[in-house]
Amino acid sequence: MTDLIATLNEEQARAVTLPAQHALILAGAGSGKTRVLTTRIAWLIQTGQVTPQGVLAVTFTNKAAKEMQARLAAMLPVNPKAMWIGTFHGLCNRLLRAHHREAGLPQLFQILDSADQLAAIKRLLKTLNVDDEKFPPRELQHFINGQKEQGVRAAAVDAFDDFTRRRVALYAEYEAQCQREAVVDFPELLLRTYELLSRNEPLRHHYQRRFRHILTDEFQDTNKLQYQWLKLLAGGEEGEAPACLFCVGDDDQSIYRFRGAEVGNMLAFEREFKVPNVIRLEQNYRSCGNILDAANAIIANNTQRLGKELWTDRGEGEPIRVYEAFTDGDEARWLVDEVQALVRDGMLRSDIAILYRANALSRGLEHQLFSAGVSYRVYGGLRFFERQEVKHALAYLRLIANPDDDTAFARVVNFPTRGIGARSLEALQDAARTYNSSLYATVSHLSGKPRASIGAFVQLIETLRNATASLPLPEAVDHVLDQSGLRAHYESQKEKDGRERLENLDEIISAATNFVAESEAPEPDVAHPLLADFLAHASLEAGDHQADATDDAVQLMTVHAAKGLEFDAVFLCGLEEGLFPHENSLMETDGLEEERRLMYVAVTRARQRLYVSLAQSRMLHGQTRYNMRSRFLEEIPEALTKWLTPRTSGGQMQARPAYFTPSPAAPRRPAVAARAPGRDLGGLRIGQNVRHARFGVGVIVAAEGSGSDARVHINFGAQGVKWLLLSVAKLDPV
DNA sequence: CAACCTGCGGCCACT
DNA sequence: CCGCAGGTTG
């Protein structure tokens with residue numbers, strides 16, 4: 001133990017060995033945050049200040065929770081699974097399962113992921129005959145989740161106008177529907193647990209006495225409800241001593257405001273708890289000086305900061321390499337060549353990451369990597385448990401666990417098709433409304449043809465439930481895949497998709513096998529052992545298992561997904577206005593600062609080498625866009641960079657990049673040539689940067705007409721996109 | 001009722 | 001570009 005502390009720097013050691021009081025640790029990127037957190041737990045246990053049962057550690061991602069467990073297992077002779085370490089959602093799930101009766105839920109309640117939730121809302125709007133033009137399901141979902149993340153139930157929303165009152169009414173209907181169907185969405189997991197503990201005094205006291213040390217990672221990303229949740233668990237009522245809150249965070253890495261995170265919680269915590277210990281960790285052990293200087297320079301443009309500057313003693317290292325490509329295709333080809341060069345020089349593929357702002361960018365990169373034969377792994381995007389065929393299979397399993405799950409029912413009642421069309425379903429939904437019961441339970445009230453066809457489906461589920469009741473989970477899954485007709489359906493599909501989907505179905509069995517192996521043995525003689533746990537696992541960890549670090553593959557992911565990770569070499573691509581910063585962020589208050597924090601996160605992922613790249617033209621959403629260089633690129637001091645392509649400030653369009661590899665399949669030429677063949681724009685060209693006296697610098701994205709009618713379409717970034725008459729507007733090439 | 005077609009709208013990040 | 005909703009046809 002003393003050894004462990006001896007390897008820490010002074011500030012880290014101070015944080016780890018703080019007395020049993022509240023503490024706020026402002027930990028910069030790469031400052032050893034996870035290390036401090038885990039060593040703190042180990043130190044508390046080893047010095048006898050707390051038992052493993054008395055520790056509660058909360059993280060945001062499953063990845064982080066697993067890593068913490070693994071590190072603790074290496075430091076301590078105790079089984080880390082005995083400790084409560086997990087995500088907010090995972091811990092709440094655990095509490096709600098243990099006290100489902102008190103929380104007003106059946107034992108086998110199901111968890112809705114975002115897509116399930118959206119489907120449930122659409123179904124609700126349909127049964128209530130609500131115009132979904134006036135109440136777009138997505139917006140309603142956002143509204144409901146926003147309220148829940150504030151800890152506000154439908155009955156408690158302040159509504160001052162009719163529109164809000166209607167939305168609140170729908171929120172209430174949605175709550176009722178979820179309760180009827182025994183399903184719980186993500187924010188509900190937290191809100192339910194919060195309400196359970198605040199209303200049930202004995203239970204609350206039980207956990208308050210149990211958890212003496214509560215440690216929170218990524219505290220800057222907590223929302224209001226999560227903070228309340230932590231405060232409630234910390235306790236300290238009626239003269240009892242509160243648990244010690246140890247919160248670790250970095251306001252500069254707060255990137256989840258869009259889902260309700262409030263950086264303000266850091267200041268609120270310090271103020272409300274009169275936190276006696278605030279420690280800054282500013283020494284960075286990850287990145288070379290140039291990378292760190294760039295990160296510091298970028299984040300310095302933000303105004304709302306607690307203030308913190310990272311430093312390193314590792315020397316300046318290599319410059320940041322910048323590449324400006326003609327097209328997204330060129331960018332991807334260059335990138336793959338560079339990756340291959342790094343691998344030739346001995347770098348592991350798994351130490352290389354390609355980061356982007358939006359998942360849409362991964363496709364083109366994957367294409368190039370694939371044709372070059374470079375193995376890669378994509379994180380995020382469409383994850384395993386979110387695939388259509390997998391969700392279908394899970395829906396059958398969910399109906400076995402909980403027949404009242406209408407979302408699951410509606411998903412597979414006619415998949416594979418069994419002659420149950422819109423009419424039958426409508427009859428069923430009307431009846432369900434009348435009897436106020438789930439679709440499944442309503443079938444017995446039907447008559448005529450719907451009764452026969454849907455009745456047969458119910459019979460199928462009953463048969464499946466009985467047949468699988470005592471089977472081990474993987475065998476139960478196998479049985480369901482066969483008897484539901486899912487396998488047969490995908491086998492008969494002629495599309496090549498069928499094959500991949502069959503493999504995914506088999507993969508569910510593997511996932512179930514792994515899950516069983518990692519779980520505690522269930523009590524014997526329980527029907528459907530581990531089924532509900534497995535389904536919760538599928539909802540909460542939509543497919544982390546593809547994060548198989550064993551094989552050597554280049555890692556592709558969004559910047560969000562990269563938070564908390566680090567790599568020897570990082571490629572950050574798509575550094576264009578509109579993409580990064582994302583155009584939607586400019587409309588939101590403080591949106592740009594959040595984008596800049598995201599940029600800061602991206603840059604600080606790199607240990608030795610950072611590449612940033614952009615494309616003058618990019619095919620996105622089916623059309624070619626001409627974007628300006630990202631302002632974030634301009635915020636990196638020039639002295640820290642090395643341009644691999646000629647820098648295009650002042651002057652003509654850049655020359656053909658030195659690093660240019662024409663693809664034999666598709667001869668390269670500037671995309672603009674195809675769009676506006678031979679048009680005379682008075683010396684201007686599409687894709688060119690120009691300056692306008694009023695709108696500033698922009699890029700020409702299109703042109704039409706000729707002679708005195710010639711007009712050009714110019715993207716002025718924040719100033720908007722304008723059509724300008726060439727004979728009127730004065731435009732200077734930049 | 002199901003398979004196919006077409007036209008329209010979305011389209012940023014994630015538990 | 002992609003997926004979905006709605007309409008048409010077999």
Side-chain angles (χ1 to χ4, degrees), chain A residues 58-65 86-93 111-119 122 126 132-133 136-139 142 145 148-149 184-190 218 221-223 225-226 254-261 328 355-364 379-383 385-386 388 414-426 449-450 453 493-494 536-544 557-564 574 578-588 591 594-595 597-599 601-602 618-625:
Chain A
V58 197
T59 65
F60 273 84
T61 64
N62 299 296
K63 210 184 270 172
T87 62
F88 277 105
H89 295 87
L91 294 167
C92 287
N93 177 48
I111 300 171
L112 300 184
D113 67 21
S114 305
D116 296 332
Q117 186 190 27
L118 189 62
K122 283 182 183 166
K126 196 163 257 176
D132 60 3
E133 301 270 291
R138 276 185 172 283
E139 205 174 278
H142 188 255
N145 288 350
K148 288 191 182 188
E149 278 154 7
V184 164
D185 58 41
F186 282 143
E188 182 75 20
L189 282 170
L190 276 134
E218 310 281 14
D221 285 333
T222 50
N223 61 36
L225 177 59
Q226 286 160 338
S254 158
I255 56 174
Y256 283 110
R257 223 191 31 163
F258 70 90
R259 60 167 207 224
D328 48 342
L355 308 184
Y356 33 80
R357 174 66 179 85
N359 275 311
L361 265 67
S362 80
R363 180 191 302 263
Y379 291 77
L382 187 59
R383 296 186 288 182
F385 284 115
E386 291 167 357
Q388 185 213 103
N414 197 34
F415 192 96
T417 52
R418 34 179 82 91
I420 300 168
R423 289 198 84 90
S424 302
L425 267 183
E426 218 165 280
K449 195 183 164 225
S453 56
Q493 264 202 344
K494 12 199 175 307
H537 165 83
S539 301
L540 293 171
E541 318 193 16
D544 276 5
M557 66 192 85
T558 63
V559 180
H560 281 90
K563 187 158 80 140
L579 205 58
F580 199 177
H582 195 275
E583 52 203 350
N584 295 358
S585 73
L586 302 177
M587 323 282 285
E588 297 155 20
E594 173 127 332
E595 292 289 304
R597 290 192 290 268
L598 197 53
M599 177 73 182
V601 168
R618 184 177 296 280
M619 181 70 151
L620 207 60
H621 306 142
Q623 54 184 351
T624 308
R625 306 169 23 142

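Convention: sequence-line order gives letters A, B, ...; per-chain numbering from 1.
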By nearest atom, which of the nucleotides [options] is closest to the [X] side chain?
{"X": "A:R363", "options": "B:dC14, B:dA3, C:dC2", "answer": "C:dC2"}
{"X": "A:Y256", "options": "B:dC14, B:dT15, B:dC12", "answer": "B:dC14"}
{"X": "A:H560", "options": "B:dA2, B:dC12, B:dC14", "answer": "B:dC14"}
{"X": "A:R357", "options": "B:dC11, B:dA3, B:dA13", "answer": "B:dA13"}
{"X": "A:R138", "options": "B:dC12, B:dC11, B:dC14", "answer": "B:dC11"}
{"X": "A:A358", "options": "B:dC12, B:dA2, B:dT15", "answer": "B:dC12"}

> Is any N or O donor-acceptor pair between the side chain of A:E588 and the base of B:dC12 shorter than 3.5 Å?
Replying inline: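 Checked by distance alone, the answer is yes.
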>> Should the side chain of A:S114 and the base of B:dT15 be counted as holding a donor-acceptor pair, with the cut-off at 3.5 Å?
In response: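 It does, because a donor-acceptor pair links the side chain of A:S114 to the base of B:dT15 below 3.5 Å.
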Has [X] got a side-chain N or O lying under 4.0 Å from the OP1 or OP2 atom of [N]?
{"X": "A:R257", "N": "B:dA13", "value": "no"}
{"X": "A:R418", "N": "B:dC1", "value": "no"}
{"X": "A:N145", "N": "B:dC14", "value": "no"}
{"X": "A:N359", "N": "B:dC14", "value": "yes"}
{"X": "A:T558", "N": "B:dC12", "value": "no"}
{"X": "A:H89", "N": "B:dT15", "value": "no"}

>> Going by ring-ring contact (aromatic ring centres under 6.0 Å, His included), A:H560 matches just one of A:Y256, A:Y379, A:Y356. Which one?
In response: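 The ring-ring contact (aromatic ring centres under 6.0 Å, His included) with A:H560 is passed solely by A:Y256 among A:Y256, A:Y379, A:Y356.
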> Considering residues, nucleotides and ligands other than A:R363, do more than 12 of their heavy atoms fall under 6.0 Å from its CZ?
Replying inline: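 Incorrect, the count does not exceed 12.
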Tell me the interatomic distance from [X], atom [atom1], to [N], atom [atom2], rounded to whole angstroms.
{"X": "A:K63", "N": "B:dC14", "atom1": "NZ", "atom2": "P", "answer": "11 Å"}
{"X": "A:Y356", "N": "B:dC11", "atom1": "OH", "atom2": "C1'", "answer": "16 Å"}
{"X": "A:M619", "N": "C:dC2", "atom1": "CE", "atom2": "P", "answer": "10 Å"}
{"X": "A:I111", "N": "B:dT15", "atom1": "CD1", "atom2": "C1'", "answer": "10 Å"}
{"X": "A:E386", "N": "B:dA13", "atom1": "CD", "atom2": "P", "answer": "11 Å"}
{"X": "A:L540", "N": "B:dC14", "atom1": "CG", "atom2": "P", "answer": "16 Å"}
{"X": "A:L579", "N": "B:dA13", "atom1": "CG", "atom2": "C1'", "answer": "12 Å"}
{"X": "A:L355", "N": "B:dC14", "atom1": "CG", "atom2": "P", "answer": "12 Å"}

Sub-3.5 Å donor-acceptor pair from the side chain of [X] to the main-chain atoms of [Y], do we have one?
{"X": "A:E218", "Y": "A:T59", "answer": "no"}
{"X": "A:E588", "Y": "A:S585", "answer": "no"}
{"X": "A:E594", "Y": "A:R257", "answer": "yes"}

>> Would you measure the distance from the C1' atom in B:dC12 across to the matching atom in C:dA5 and give it in whole Å?
In response: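 Here B:dC12 and C:dA5 have their C1' atoms 24 Å from each other.
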Using a 4.0 Å heavy-atom cut-off across all strands, classify [X] as base, sugar-phosphate, or nothing.
{"X": "A:I420", "result": "sugar-phosphate"}
{"X": "A:D113", "result": "nothing"}
{"X": "A:K122", "result": "sugar-phosphate"}
{"X": "A:F88", "result": "nothing"}

> So which one's nearest nucleotide on DNA chain B is more toward 5', A:G419 or A:H582?
Replying inline: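 So the residue in question is A:G419.
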> A:E594 or A:S424: which one's nearest nucleotide on DNA chain B is closer to the 5' end?
Replying inline: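 The answer here is A:S424.
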> Any side-chain donor paired with an acceptor under 3.5 Å for A:Q117 and A:D185?
Replying inline: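 A pair is found: one side chain offers a donor N or O, the other an acceptor, under 3.5 Å apart.
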>> Under 5.5 Å centre to centre and under 30° between planes: does that hold for A:F258 and the six-membered base ring of B:dA13?
In response: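 Aromatic stack with B:dA13 present for A:F258.
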>> Minimum heavy-atom separation for A:A562 and A:L355, please, with both atom names.
In response: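 Here A:A562 and A:L355 meet closest at CB-CD2, 3.8 Å.
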